[in-house]
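Written below as structure tokens is the structure these notes are about.
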Protein chains: 2
Amino acid sequence: MIQNLYEDEEVERLDRDALKALQLLRLKKTITTALITPFYKERLMAVGIQSAEDIRTLEDIRKIPYTTKDDLREAYPYGLLAVDRDEIVRMHASSGTTGTPTVIYHTQKDLDNWTNMTVRSLKATGCHKGDVFQNMMTYGLFTGGIGLHYGAEKLGMLVIPASSGNTRRQFQLMKDFQTSTIHATPSYMLHLYSRMEEMGYSLSDFNLKRALIGAEPHSEEIRQKIEELFHIDAYNSYGLSEMNGPSVAFECTEKKGMHIWEDAYLVETIDRNSLEPVEDGVEGELVLTILIRTGTPILRYRTKDLTTVIPEACSCGRTSRRITRIKGRTDDMLIINGVNVFPSQIEEVIMKMPEIGTNYLIKVSKKGTLDQLTIQTEVGGDMFTDNAQDLHDLRRRIVEELQATITIKALVELHEPGFLPVQQGKAIRVIDERNVY
Amino acid sequence: MIQNLYEDEEVERLDRDALKALQLLRLKKTITTALITPFYKERLMAVGIQSAEDIRTLEDIRKIPYTTKDDLREAYPYGLLAVDRDEIVRMHASSGTTGTPTVIYHTQKDLDNWTNMTVRSLKATGCHKGDVFQNMMTYGLFTGGIGLHYGAEKLGMLVIPASSGNTRRQFQLMKDFQTSTIHATPSYMLHLYSRMEEMGYSLSDFNLKRALIGAEPHSEEIRQKIEELFHIDAYNSYGLSEMNGPSVAFECTEKKGMHIWEDAYLVETIDRNSLEPVEDGVEGELVLTILIRTGTPILRYRTKDLTTVIPEACSCGRTSRRITRIKGRTDDMLIINGVNVFPSQIEEVIMKMPEIGTNYLIKVSKKGTLDQLTIQTEVGGDMFTDNAQDLHDLRRRIVEELQATITIKALVELHEPGFLPVQQGKAIRVIDERNVY
Ligand SMILES: [Zn+2]
Ligand SMILES: [Zn+2]
């Protein structure tokens, strides 16, 4: 098995040449796998790649076109499946702009490999057997919760599968079980702190040592704030479901950028306009190829995330390169309390309501430390009603439909026609009042 | 390892004598484990059990006092822990009447054993590798979701970790991935059906074969209704977090009672008044001893669930006895949309509000196929206010506090003093308008 050429400890410290040799070996295997899928078979053949033999160096990957989220949608549901359906034991799906979800399939071996990466990530932050790990990320189709869960269990941490929400319960668990490690979004960490005193707790009730924060972009200031408020270390985590989920890249205890696990992911950064590769040290869009998955191979995936590869070796001794914190997205996706939301998803829902006019405004603001999504709409001229019950029902319907689509409970405002500023030229539909960066 | 004396397939069909011998072996091991815990050490010593040697037959278990939920609360958080904390990789906690949670710890081996039971349960209903398993039970601290998840993955089913809620998304997944097996509460199955047409789906969109239903008591009529509506088989599932979670007992394809996995659980039924054991075939409270867990041993646990042990052999060939569907609880616990709620939890929350009077009423009704919890309260005489904003804030605070405690969003009504019927003698605080049985 290729996976087992090296022990995990060893592979993290491989010299760069050996690491590249391993990458090439796995890339070839991945090409073979990709050629099984209808999607990549067509795409690779079109550029003259008929077998793994056509990839001789890591640079040969540049012959392959990028894969985008739209490609994944187009391939939905089975266009990127590389094994018999019987071999799949898990899928994770996320919804996208158009309503068509994307889906990633995992074999048991894929899950095992993913779990190994999460074990490695947890270790890099100093987590160890016996640590109490309170996982405040949502469990379910979202990979954030269940992803680290498996790794923490394998590492031998005491896993509290708290999932998200229910702040009072979180505090009680943190206190009663002397939680050492929290996994949460940065927003939720701040929210926890803001409710601590009022809920009758103080820092001395807890035994917190570290927080693993991810699932939304945040600034160094926010990280430091979390560290100062709780007197802990906060480590940045990076992942995306297309590349399994959490543990694509993770900070080590040096806290100077996130180690991207290069034996599992082939890293490129590209100029977001020319789409040409840029050098290490230059900011660009992160492009990733997953080298450890057989269920759903993905080559050169445009993550839309802006970052910079740090070429210098890390003083921790791990030889994988690091990436800087994610600076933002190259498109207009909103991240609201850790959930990805496309304005077009919102538009789609409200435009389906005949009672609602075409003018609308999406506002994202901070309510305490959490994000608040507000949708301002106008009740359409023809269908205008001032019957309170009708308006109440209409608003409730919109709230429910939105929640079904984007999983977020929005505040929906219904106004009389003409309330919103008239849009001219390119409409400004989104007002993000948060100060995330 | 005792666990590996038999293969799973074999142990399900062991002749009764061999099964009893295996139970005795495991019971002795469990006694040894229990004697490590502060709680059982005291309790077992008090009845003269100083080592596993003092248990010579299965009947000797009757020397041991019952363990109750209150005992678990008293032992919280570490009184029932039988291994070094470092050996624990998972905990599941539930809150109870008094607000003190109960907690169960699992070692890796415990989780593996639990997973084996869930694999066995799934197989009993005809599930197999390649089946698409959409798990609509909540993932997290609640054992319902994550419990069957592990087993389904191990069996090689394609697991869709949908978790609960988001009906529209559930339909989309059911259609796109041709889900064969659903795991949900009976209420949610009925809810799904009631929304199907309006959400634009019909049965022909799906490939449903079976539903595994549990987490709330339900009648045979409800099961048959689910089967008829969806044209599927519905199988009853039984479990409780104190005994790991789902897969304590599960129906086989004969659908004539739930096989209780007797190599893992020692079964007794007792008269709920005299607390004396009753014969097979006589209804009583189910009392269980878990034989396959080292993290948190629990002996003779009074489940409060009423059932009857069916002594006759099942035509499927499995030799474990079956229990009839759970008829109800022996105490006043409410099960609201699958969540356990004690009226005292609600009382505790509202009585903490100085603005609220002492008279209140808890109503549980059906809203469509789901349960609706309504709390009627009176704003106290001294603190009475008719300021709309104050009342709005007060109601919101109660709703939030309730949700933090019982995880359910209740409808809270504030009335003027004197609105509710005056209570005389033993107060009637709970009106359950549902017709569950
Ligand atoms: Zn490092
Ligand atoms: Zn049977």
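Protein chains get the first letters and strands the later ones, always in sequence-line order, with residue 1 at the start of each.
Among residues 161-168 of chain A, the residues having any heavy atom closer than 4.5 Å to a heavy atom of chain B are, in sequence order, A:Pro161, A:Ala162, A:Ser163, A:Asn166, A:Arg168.
A donor atom on one side chain and an acceptor atom on the other are found under 3.5 Å apart for A:Thr294 and A:Asp110. Side chains of B:Ser247 and B:Ser121: a donor on one and an acceptor on the other come within 3.5 Å.
Heavy atoms of B:Glu153 lying under 4.5 Å from chain A belong to its backbone as well as its side chain. When heavy atoms are compared at a cutoff of 4.5 Å, B:Met157 approaches chain A solely by way of its backbone atoms N, CA, C and O. With a threshold of 4.5 angstrom between heavy atoms, B:Val103 approaches chain A through side-chain atoms but not through N, CA, C or O. Residue B:Gln403 touches chain A through its backbone alone, counting heavy-atom pairs closer than 4.5 Å. Of the atoms belonging to B:Tyr105, it is side-chain heavy atoms, and not backbone ones, that fall under 4.5 Å from chain A. For chain B, no part of A:His128 is nearby; none of its heavy atoms comes within less than 4.5 Å. For a residue to count as touching a neighbouring chain, one of its non-hydrogen atoms must lie under 4.5 Å from one of that chain's; by this rule B:His149 touches chain A with the side chain only. Looking at A:Phe177, the atoms closer than 4.5 Å to chain B (heavy atoms on both sides) sit in the backbone and in the side chain alike. With a 4.5 Å cut-off on non-hydrogen atoms, B:Tyr78 touches chain A through its side chain but not through its backbone.
Applying the side chain to side chain contact (heavy atoms under 4.5 Å, CB included) test to B:Glu413 and every residue at least two apart in sequence or in another chain returns B:Thr374, B:Gln376, B:His415. Every residue two or more places apart in sequence or in another chain that forms a ring pair (Phe, Tyr, Trp, His ring centres under 6.0 Å) with A:Tyr150 is listed here: B:Tyr150. The side chain to side chain contact (heavy atoms under 4.5 Å, CB included) check on A:Val119 picks up A:Thr115, A:Lys123, A:Lys154, A:Leu155, with sequence neighbours excluded.
The aromatic rings of B:His92 and B:His106 lie perpendicular to each other, with more than 60° between the two planes, well past the 30° mark.
Other residues, nucleotides and ligands place more than 12 heavy atoms under 6.0 Å from the NZ atom of A:Lys129. Counting heavy atoms of neighbouring residues, nucleotides and ligands inside a 6.0 Å radius, atom CD of A:Glu197 does not exceed 12 of them. In this structure, B:Lys409 places its NZ atom where only 12 or fewer heavy-atom neighbours from other residues, nucleotides or ligands lie under 6.0 Å away.
Ionic pairing of A:Glu400 and A:Arg397 is not present here: no N-O contact between side-chain nitrogen and carboxylate oxygen is shorter than 4.0 angstrom. Between B:Asp112 and B:Lys109, none of the side-chain N atoms (NZ, or NE/NH1/NH2) sits under 4.0 Å from a carboxylate O, so this pair counts as no salt bridge.
Ranked by heavy-atom pairs shorter than 4.5 Å toward chain A, the options B:Asp176, B:Ile160, B:Thr107 are led by B:Asp176.
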